[in-house]
There are 2 protein chains.
Amino acid sequence: MLFAIVEKGGLTEGAALLGKSQPSLSRSLAILEDRVGAALFEPDRRPLRPTELGQALAAEGRKVFLAGKASADILSRYQGGMTGAVRVGGTPFFLDGVISGMIAAFHFKHPDVRIDQIYGYANDLLPRLEDGSLDLAILPMRASSIPQGFSFEQILPGRNVIACRAGHPLARRSAVKLTDIGQYPWIAPPADSPLYQDLRNVLKEIGIKDFKVSFTGGSLSATVSILTGSDALTVLPFSVVFMMRQQRAVSALSIRIGDPDRHLGVLRHDGLKLSPAANRVRNHIRSEFETLATSITRVSQSTVWRP
Amino acid sequence: MLFAIVEKGGLTEGAALLGKSQPSLSRSLAILEDRVGAALFEPDRRPLRPTELGQALAAEGRKVFLAGKASADILSRYQGGMTGAVRVGGTPFFLDGVISGMIAAFHFKHPDVRIDQIYGYANDLLPRLEDGSLDLAILPMRASSIPQGFSFEQILPGRNVIACRAGHPLARRSAVKLTDIGQYPWIAPPADSPLYQDLRNVLKEIGIKDFKVSFTGGSLSATVSILTGSDALTVLPFSVVFMMRQQRAVSALSIRIGDPDRHLGVLRHDGLKLSPAANRVRNHIRSEFETLATSITRVSQSTVWRP
DNA sequence: CGAGTTTCATAACGCAGCGTTATAAAGACC
DNA sequence: GGTCTTTATAACGCTGCGTTATGAAACTCG
């Protein structure tokens, strides 16, 4: 208050700076002078001029004022979602294959938002959402298996493909028959992943009972490395393959397999309100997936890239 | 408050730092978190640890805290009289001859107290005391002429001597007769000074009607210069001559002249309460004059220095 | 793992600081 | 001296924050 008066040279303008009324400042000043026991401004001088003591205290007040301003700034940046830490959980393949790119784009726009990625499956992520050590989880889930107290926003319908390396013998065929597939070895996703379930379902659906697993349990990049270095096949989410289309390292077989009953979405806990930054991340990811969806349909209609 | 909690690592100790109760802090924190709309501390963790946001705000709070502490320091220094500005008025001869030395000693003890000396006589100093542009005035006054609303503390009884240079023909005589004096020229103090009145009274008392004035209107140092460079005489306050005894440039004649009815004292205005620093100056001057008085009696009794 | 200790949260209550508007008074300006 | 600007005062109400008493967690330790 003292700073505002000294800075603006008067009560009226000082009050305006502080967003208060002039009488309020006047009385506050009087009370302060009374408490201090000394005049803070030269008495009876109209261009109000501070005493030495007033000046010295106003200098300290300046620091307080600036700190308050800085605090307001910190706060507004936080509340605008420009600042903060967001813990995003997700299944490894989606996180590595799709989400991390989106997060990179987000981080480019908002460099002061720190984002922690946590890898895990539903049974890991759910408790962490519950105890608040995770803000969002992005994972494929069955609509029916959403536990009480959680909300799930679907962002992409589940769709898997059989993936192979770009130059794979089956890659060029416009239609792949089931019998063609049998002879190739398989790369299995980690056994506790939903994708592994999908793989088993696909193989069961196709009718393959015995299949060679040449590699298992790795990360997405490991899987892709094996994939591109061999003629092995695997099941991958369509979106993951789609995102890798630029590298032209991986293709999807032209064979329709049953869609999984899990759909990719953002899971969060109702009890915990999201921080503004987390909300921004969530909105960002949703909009990114929207554009991804339109991009998928657009590309699918063209002949340039064929899943 | 936030800073205190973060600094001390908990509410209990933080409250102690701020001199408040723990529940007070607890609720203040809760209100703040509610207003901010975000947790400032990790929830349900016993060694209370701030959120990033809490940390950032606490850093600003630290500045506020320090500024508050600095303000308290400024204030206590001011209220202890260690800081401030004191305007001391006085008659030129006393100020130059006696007071300035005391002020120098004071300034040595309290270098942060700024002291402004203002030269003037009663008619200048009184209005300035009244309008607050002066804190104290040190001047010789008649007890009866203290105006309403002023208080006057006598610090030294008025006593004048006839002064001459140290080697003056009259200086060695143990008793000076009136007839001896007549032949020497006189140095007159400024015509508007009380000392000038004293001089006139002395001369009238002595019976000298015509007297040569060889110099007039100067400051004390000018007067002393003339005095030491000639055989001229003048009337000076005894205390001024006493203070100059170390230099052995000026002597006082061994002749008793009537004491002036003015007495040296500290004049101040009742309406204006003194600042702590001004009070310290006042007390300092009073105590200095007390020691001066005892010093005068001690020296007078010895034979080393004879007025 | 349960008892004990520490620490934080909540409740109930009261005071005072500070916000407001309306209005008077005092300087400044011409 | 009249007018305008600026500060001081008054009356009123509400919110913030202080207190003590007490309950509920969470950490510690044998």
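Bear in mind that the values here come from a model prediction, so they are computed numbers and not experimental data. By convention in this document, chain letters (A, B, ...) are assigned in the order of the sequence lines, proteins followed by strands, and residues within each chain are numbered from 1.
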- Query: Do NZ/NE/NH1/NH2 and the carboxylate oxygens of A:R87 and A:D135 come within less than 4.0 Å?
  - Reply: yes
- 5' precedence on DNA chain C between B:R27 and B:Q22 (nearest-nucleotide basis): B:Q22
- Please round to the nearest 0.5 Å and tell me the distance separating atom CD1 of A:I99 and atom CD1 of A:I138. 4.0 Å
- Message: What is the separation between atom CZ on A:F41 and atom C1' on C:dG27, rounded to the nearest whole Å?
- Response: 17 Å
- Message: Nearest whole Å is fine: how far is D:dA25 C1' from B:E42 CD?
- Response: 17 Å
- Task: Check salt bridge (charged side-chain N to carboxylate O under 4.0 Å, His left out) between A:R128 and all other residues, then give those that pass, not counting sequence neighbours.
- Result: none
- Query: Crowded around A:R286 CZ? As in, over 12 foreign heavy atoms under 6.0 Å?
  - Reply: yes
- Any chance you could lay out the side chain to side chain contact (heavy atoms under 4.5 Å, CB included) test for A:I5 and A:F41, step after step, and finish with the verdict? CA-CA 10 Å; A:I5 300 174; A:F41 290 89; 3.4 Å; yes
- Task: Mind listing the residues from residues 56-75 of chain A sitting with a heavy atom below 4.0 Å of DNA chain D? Number order is fine.
- Result: none
- Item | Whole-Å gap separating C1' (C:dC8) and CG (B:L29) | 10 Å
- Look up atom NE2 in A:H263 and atom CE in A:M141, then write down how far apart they are to the nearest 0.5 Å. 12.0 Å
- Length of the CE-P vector between B:M1 and D:dG16, whole Å: 13 Å
- Item | Integer-rounded Å distance: C:dG17 P and A:L25 CG | 17 Å
- Message: Angle between the two end axes of the helix from C:dC1-D:dG30 to C:dC30-D:dG1, five base pairs per end, rounded to 10 degrees?
- Response: 60°
- Spacing between A:E33 atom CD and D:dT9 atom P, to the nearest angstrom: 11 Å
- Should A:S21 be listed as having a side-chain N or O under 4.0 Å from OP1 or OP2 of C:dT20? yes
- Task: Calculate, to the nearest 0.5 Å, the distance between atoms CG and CZ belonging to B:L195 and B:R262 respectively.
- Result: 9.0 Å
- Query: Does A:S28 put a side-chain nitrogen or oxygen below 4.0 Å from OP1 or OP2 of C:dG19?
  - Reply: yes
- Ignoring the backbone of B:P23, work out which of C:dG19, C:dA11, D:dT7 is nearest its side chain. C:dA11
- Query: In whole angstrom, what separates B:L32's CG from D:dC17's P?
  - Reply: 10 Å
- What residues form a salt bridge (charged side-chain N to carboxylate O under 4.0 Å, His left out) with A:R27, not counting sequence neighbours? none
- Query: Partners of B:S24 by side-chain hydrogen bond (donor to acceptor under 3.5 Å, both in side chains), sequence neighbours excluded?
  - Reply: none
- Message: Check this for me: does any side-chain nitrogen of one of B:D270 and B:R268 sit under 4.0 Å from a carboxylate oxygen of the other?
- Response: no
- Value in whole Å for how far the P atom of C:dA9 lies from CG of B:D34: 14 Å
- Task: Starting at OG1 of A:T91, measure out to CG of A:L264 and round the result to the nearest 0.5 Å.
- Result: 7.0 Å
- Message: Using 0.5 Å steps for rounding, measure from the CG atom of A:L18 to the NZ atom of A:K8.
- Response: 10.0 Å
- Message: Can you list, in residue-number order, the parts of residues 7-20 of chain A that come under 4.0 Å of DNA chain D, counting heavy atoms only?
- Response: A:G10, A:L11, A:T12
